[in-house]
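Below: one structure, written as structure tokens.
One-based numbering along the sequence shown.
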Amino acid sequence: MDCFRIEGGEELSGSVAASGSKNASLPILAASLLLEGEADFQRVPELRDVSTLLELLRDLGAEVDACAGRVRVRCGAQGPTEAPYAVVRRMRASVCVLGPLLARRGRARVALPGGCVLGVRPIDLHLKGMEALGATVTVEHGTVVAEAPPGGLRGGRVRLASERGSTVLGTANVLMAACLARGTSLLEAAAVEPEVTALARYLNACGARISGVGGPRLEVEGVDGLRARPLRMPPDRIESGTLLLAGAITGGAVRVEGCAPSELTALLELLAESGVPLRSGEDWAETGRWSGRPRALGLTTRPYPGFPTDLQAQWMAFSAVCEGQATIRDSIYPERFVHVAELLRMGARIHHEGGTARVEGPAPLQGAEVLASDLRASAALVLAGLAARGTTLVRRVYHLDRGYEGLEAKLSGLGGRVERRLDPDSP
Ligand code: EPU
């Protein structure tokens, strides 16, 4: 098992390129199950989650050719319809083959994802959406068994939100299914995250008829077929935000090229308000050197365009070195605080109770051996390691490899002292 060895205390500086978006790539790659002809995707991030999805597509009978960020996929209308637990438990996003399989092949068996460190994470809204399109859905021995009615799915109306907000992958899943349903579907309280918008635009480019793209009310007029089109994946807003926070936490000048600052408004505004010098253009953003220590600012994570839950842990690491007190709440995943215990080991001062953490800064962070336990928590530990005095060993970086493409190379390119090693203590 690999670990990262980080020698902290270097001020990062320089420029780094944003990678393609993981959370846009996963549903868009799943959408290739709906398409006739060969889909040709560029700037697909080379990540473990992407390989898992490609493996699942192959198991579902797709021809997949992946090399250096270019992925070509060809899927027939006939083929297997099962996503087994062995795959789904490795990656929850596997669930987004449900809609495409049901729409194109008439049935799907998809293992029910269990809980994860973020909490219970149900998929009831995905299932409700499939039922609204006429599917029969049952859960048998931990597997969702869904069947389209004779003649295929038909248009329906569904609300895609729980009290925690709209579901991102649920919206993607139902949207993909609705594209091939007979008649018109109405998706209300749909997620408006940029990844959903990217999917909807791509589906429309392939011949779908989705209106209201970018908003919470999507109207889908079903079509008989969709034809594959080439696509360059959009940049990863969470990776870009993490890299900017790497600049901010070390007091350095880091420029992220090829990103989408318009999708990072909540982070950029907060960084600027905390006193980090910030500049951005259409497709770049950069942090500047601190003139004084930034001020700690609290936040509550919210659905887009609010502050993303996927940057909450990294913001907490940054808050630990800021002046003052920050109260951080996660309204999307109130249990997403596994990083707190590890940040405490590095000398952060954090009081955590329920879905809220109070960070007291500035704390002189110290290098320590820490354990990564989920993707974004791991990123927070890497950021803390960059700002800490001494050596930090971040263990189990396979979590990071699920969602950050070549993070150690990117940080090293900015002057960070980050090395990937074989963990001497791993089994
Ligand atoms: N929810 C329900 N019922 C459902 C679905 C969701 O109650 O059927 C609840 C969830 O429990 C949660 C909230 O609704 O409290 C939002 O969950 P959502 O369904 O939007 O999450 P997701 O689609 O499974 C995606 C990202 C996550 C990101 C969330 C929230 C992908 C592959 N995953 O998950 O990304 O945190 O949206 O923005 O797109 C990550 O990249 O590290 C990551 C976890």
Side-chain angles (χ1 to χ4, degrees), residues 1-2 19-105 107-114 116-117 121 123 126 142-146 168-169 172-173 176-177 195 198-199 202 228 230-233 236 239 372 374-375 378 396-407:
M1 226 181 268
D2 287 351
S19 288
S21 161
K22 165 178 87 84
N23 289 351
S25 296
L26 295 173
I28 290 175
L29 288 167
S32 47
L33 287 166
L34 292 168
L35 309 176
E36 287 155 29
E38 184 182 86
D40 187 350
F41 302 112
Q42 309 262 8
R43 203 204 216 189
V44 180
E46 294 187 272
L47 299 171
R48 218 160 54 92
D49 275 7
V50 169
S51 332
T52 304
L53 190 72
L54 296 181
E55 192 185 315
L56 175 58
L57 292 179
R58 285 193 185 99
D59 289 348
L60 294 170
E63 288 167 38
V64 178
D65 183 17
C67 182
R70 181 169 183 200
V71 176
R72 280 172 292 175
V73 191
R74 188 181 276 278
C75 281
Q78 309 297 324
T81 51
E82 171 146 17
Y85 186 53
V87 181
V88 179
R89 83 183 142 83
R90 269 158 55 203
M91 186 184 67
R92 288 178 50 85
S94 312
V95 78
C96 55
V97 300
L98 176 66
L101 286 175
L102 199 51
R104 189 137 180 248
R105 296 185 179 170
R107 54 163 52 90
R109 289 175 63 90
V110 176
L112 206 52
C116 67
V117 289
R121 298 186 79 186
I123 59 160
H126 300 231
T143 297
V144 175
V145 180
V168 176
L169 286 180
N173 223 343
M176 290 188 276
E195 295 75 18
L199 170 69
Y202 178 63
L231 178 75
R232 182 173 152 80
M233 294 299 176
D236 193 309
E239 186 217 29
D374 97 80
L375 168 57
S378 315
R396 298 199 187 162
V397 292
Y398 60 83
H399 288 291
L400 269 174
D401 295 336
R402 295 184 55 176
Y404 287 95
E405 191 178 47
L407 185 63

So do [Y] and [X] actually touch side chain to side chain, heavy atoms under 4.5 Å?
X	Y	answer
V110	P84	no
V95	V144	no
L26	K22	yes
P113	I123	yes
R104	C75	yes

Atom of [X], atom of [Y] and distance for their closest heavy-atom approach:
X	Y	value
S21	E195	OG-CG, 4.1 Å
A108	L101	CB-CB, 3.8 Å
R48	R402	NH2-CG, 3.2 Å
V88	A111	CG1-O, 3.5 Å
A31	L35	O-CG, 3.5 Å
R105	L33	NH2-CD2, 4.5 Å

Evaluate the side chain to side chain contact (heavy atoms under 4.5 Å, CB included) criterion for residues E55 and M91: first the C-alpha distance (whole Å), next the side-chain angles of each, then the deciding distance (0.1 Å), finally the verdict.
-> CA-CA 12 Å; E55 192 185 315; M91 186 184 67; over 6 Å; no
Is it the case that more than 12 heavy atoms not belonging to R58 sit under 6.0 Å from its CZ atom?
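More than 12 heavy atoms, drawn from other residues, nucleotides or ligands, come within 6.0 Å of this atom.
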Residues passing the side chain to side chain donor-acceptor pair (under 3.5 Å) test with D65, sequence neighbours excluded, are R72
Roughly how far, to the nearest 0.5 Å, is [atom2] of [Y] from [atom1] of [X]?
X	Y	atom1	atom2	value
D236	N23	CG	CG	6.5 Å
R89	S94	CZ	OG	11.0 Å
L54	D59	CG	CG	11.0 Å
L231	L29	CG	CG	9.5 Å
L400	L375	CG	CG	6.5 Å
D374	R396	CG	CZ	12.5 Å

* Does the E239 side chain pair with the main chain of Y404, one donor and one acceptor, at a distance under 3.5 Å? -> no
Treating R121 as the side-chain partner and R92 as the backbone partner, does any N or O pair qualify as donor plus acceptor under 3.5 Å?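 Side chain of R121 to backbone of R92, a donor-acceptor pair under 3.5 Å: no, none is there.
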| task | Return each pair, listed once, that meets salt bridge (Lys or Arg N to Asp or Glu O under 4.0 Å) where at least one residue sits in residues 31-45; pairs must be two or more places apart or across chains. | result |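 Of all non-adjacent pairs touching residues 31-45, those that pass salt bridge (Lys or Arg N to Asp or Glu O under 4.0 Å) are E36-R227, D40-R70.
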Q. V397 and L407: side chain to side chain contact (heavy atoms under 4.5 Å, CB included), yes or no, with the steps?
A. CA-CA 10 Å; V397 292; L407 185 63; over 6 Å; no
ring-ring contact (aromatic ring centres under 6.0 Å, His included) pairs touching residues 22-76, sequence neighbours excluded, are F41-Y202
